[in-house]
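Written out below as structure tokens is the structure these notes cover.
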Number of protein chains: 2
Amino acid sequence: MARLEERPRELRRGTILLRENDPFSELYVLQRGMAMSYVLLDDGSRQILRFLFPGDMLAVSALVYRDSPETIVTLTDCTVCPFDRSVIGALITDHPRLSAIIMVVNQIEKVALTDRLAALGRTSAKARIAALLLEIRNRMRMTDKTIGNAFTLKLTQEEVGDATGLTAVHVNRMLRQLEEDGLIARDNGRVTLTNEAQLARAANYINRFDGLDLRWLPAAR
Amino acid sequence: MARLEERPRELRRGTILLRENDPFSELYVLQRGMAMSYVLLDDGSRQILRFLFPGDMLAVSALVYRDSPETIVTLTDCTVCPFDRSVIGALITDHPRLSAIIMVVNQIEKVALTDRLAALGRTSAKARIAALLLEIRNRMRMTDKTIGNAFTLKLTQEEVGDATGLTAVHVNRMLRQLEEDGLIARDNGRVTLTNEAQLARAANYINRFDGLDLRWLPAAR
DNA sequence: CGGTAAATTGACCTGGGTCAATAAATGTGG
DNA sequence: CCACATTTATTGACCCAGGTCAATTTACCG
């Protein structure tokens, strides 16, 4: 695993690491910072697919597709570690336990995607935004234990909208409502979850890093 | 691979193979028929996550979670081949090329999920239904080459709605409109794509089984 | 200290939801 | 094969969550 993190590269906030439909063959591990991936539809609207945090692998679809199905852009200054996809081939051959773990992570991400699918298909604007806030806070806390109920949402309201399938205007209205309901407090970009239990209820939120069962994993070679 | 398909089991249409939140440890290969997976939200609404076709692996999240995150139910009579998840552990250890292929399929499925995410978040009701029709026809054609532009949608309009985040009533209206626009024809459950090019344009549809690049796969052991 | 991006808010609009009635299809027991 | 019961499809009337447009205000940045 350490070998993947050899050649770190620093990126400024707002750097496009990969553009939709561009050809590519490199993968990355995100070591520091926050990024996102999105697609643009042909009416010009944007759907944010995923937020990316330290430890996440970026551009994994390079394993499969000639051209990128998504754009990846940094939301803060970031450190990434590029590696060639042939490394994955070698890893699968030589490190069964590690490749099993990659499959597990993939599976978790897939379930998280289906959660968002259900949120977009079947929940209200308020619930989707509540879920987003919880998700971001939880992901941030995984790499920064000092984060409690308050954190800086590094997203514009337009980005929140593009992630939740809403307009920036309506995001603003819902944030205000969540505040009036006493579920969150806001101060500039800083959000405090003042009633996390009720927020989680409003959001239908399930933390997919809980409830794992990994006894079947093969031993390390 | 053949070993996975040893003990085939026949299931009647409408059989629940796995229920959300039930504990489990078995995986399946779907050999014949069509199934779907869905979640129920606590207001009682349903989101269909995925339709399943021959060759698909079912209940893969058993690899990871103690309790199932989704319900799986057959939409037609089906043949499934159950196997224990320990088989996957063995497979990863002994068959690198095969496990790489599993990763590739997982990745394709993930990209297909993000396509649906973008559809739910950012496209109109008509576009989502058009995309669903194309997707189902294409998946059916992969195992039944006799299928051309006409096929039997084995879904009720309510199911179409639960897959696309719409109500059954609105699905009905949109199907009628697609028909009036000359993009499809309908006769009972049978759908004919009378203008596939325009339907694909309306749907923003991308076939994710095209444009693959698999040169990096490790050789068979 | 301007100048631009982001947040906020009001007024108004619309795509898709809700409710309800009817018709068509499908299934079932006898 | 038939009569009835249950789903499913269809349609009209009306409603509302969230979108659109436009005007300010506030925050950020060189």
Side-chain angles (χ1 to χ4, degrees), chain A residues 12-14 36 41 43-48 73 75-77 119-133 152-181 184-191 202-203, chain B residues 12-15 36 41 43-48 73 75-77 119-133 152-181 184-191 202:
Chain A
R12 285 287 208 69
R13 169 177 159 204
M36 67 175 175
L41 307 206
D43 66 348
S45 64
R46 174 174 72 170
Q47 176 66 47
I48 294 177
V73 57
L75 287 164
T76 65
D77 293 350
L120 289 197
R122 289 298 189 211
T123 75
S124 70
K126 206 191 274 194
R128 290 183 230 170
I129 291 180
L132 181 74
L133 293 177
T152 305
L153 190 60
K154 282 152 183 154
L155 304 175
T156 65
Q157 294 180 0
E158 185 169 4
E159 286 163 345
V160 173
D162 286 345
T164 52
L166 302 167
T167 57
V169 174
H170 203 58
V171 168
N172 186 287
R173 291 194 276 241
M174 291 301 104
L175 285 173
R176 181 158 48 73
Q177 274 199 32
L178 286 170
E179 199 169 20
E180 281 166 8
D181 296 349
I184 65 172
R186 288 184 303 154
D187 175 37
N188 253 350
R190 199 165 177 75
V191 179
Chain B
R12 283 292 207 68
R13 170 179 159 198
T15 306
M36 66 175 175
L41 307 206
D43 65 349
S45 63
R46 173 174 72 169
Q47 175 68 46
I48 293 176
V73 57
L75 288 163
T76 65
D77 293 350
L120 289 197
R122 288 301 189 210
T123 75
S124 68
K126 207 193 275 193
R128 289 183 229 170
I129 291 179
L132 181 75
L133 293 177
T152 304
L153 229 204
K154 281 150 182 157
L155 304 175
T156 66
Q157 294 179 1
E158 185 168 6
E159 285 162 345
V160 173
D162 286 345
T164 52
L166 302 166
T167 56
V169 173
H170 203 57
V171 168
N172 186 287
R173 293 195 273 240
M174 292 300 103
L175 285 172
R176 181 158 48 74
Q177 275 198 31
L178 287 171
E179 198 168 20
E180 282 166 5
D181 297 348
I184 66 171
R186 289 184 302 153
D187 175 37
N188 251 354
R190 198 163 178 75
V191 178

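Below, read A as the first sequence line, B as the second, and so on, with proteins coming before strands; counting in each chain starts at 1. The shown structure was predicted, so the numbers you read here are calculated from the model rather than taken from an experiment.
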Sorted by number, the residues of residues 158-175 of chain B with heavy-atom contact under 4.0 Å to DNA chain D: B/V169, B/N172, B/R173
Between [N] ([atom2]) and [X] ([atom1]): distance, integer Å:
X	N	atom1	atom2	answer
A/R128	D/dA17	CZ	P	13 Å
B/R13	C/dG27	CZ	C1'	10 Å
B/L155	D/dT7	CG	P	18 Å
A/R190	D/dC28	CZ	P	13 Å
B/R186	D/dA9	CZ	P	9 Å
A/I129	D/dA17	CD1	P	15 Å
A/E179	C/dA7	CD	C1'	12 Å
B/Q177	C/dG15	CD	P	10 Å

Side-chain N,O (A/N188) to OP1/OP2 (C/dA6) below 4.0 Å: no
Any A/R176 side-chain nitrogen or oxygen under 4.0 Å from OP1 or OP2 of C/dT8: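 Negative; the distance criterion is not met.
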Rounded distance (nearest 0.5 Å) linking atom CG of A/L178 with atom CZ of A/R176: 11.0 Å
CD1 on A/I184 to CE on A/M174, rounded to 0.5 Å: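 Those atoms lie 11.5 Å apart.
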Side-chain heavy atoms of A/D162 within contact of B/R122, under 4.5 Å: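 Yes, close enough: below the 4.5 Å cut-off.
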B/L175 vs B/V160 side-chain heavy atoms within contact, under 4.5 Å: no
Sidechain-backbone polar pair: A/R128 side chain, A/T164 backbone, donor-acceptor under 3.5 Å: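 Side chain of A/R128 to backbone of A/T164, a donor-acceptor pair under 3.5 Å: yes, one is there.
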Backbone of A/R13 reached by a side-chain donor or acceptor of A/D77 within 3.5 Å: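 It does hold such a pair.
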Nearest-nucleotide pick for B/Q157, side chain only, options being C/dT8, C/dA25, D/dT10: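 The closest nucleotide is D/dT10.
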Closest listed nucleotide, where the reference is the side chain of B/S124 and the choices are C/dG16, D/dC29, D/dA9: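 Nearest to the side-chain atoms of B/S124, counting from C-beta on, is C/dG16.
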Test log, rule side chain to side chain contact (heavy atoms under 4.5 Å, CB included), inputs A/L155 and A/I48: CA-CA 12 Å; A/L155 304 175; A/I48 294 177; over 6 Å; no
Toward the 5' end of DNA chain D, by each residue's nearest nucleotide, A/G189 or A/T123: A/T123
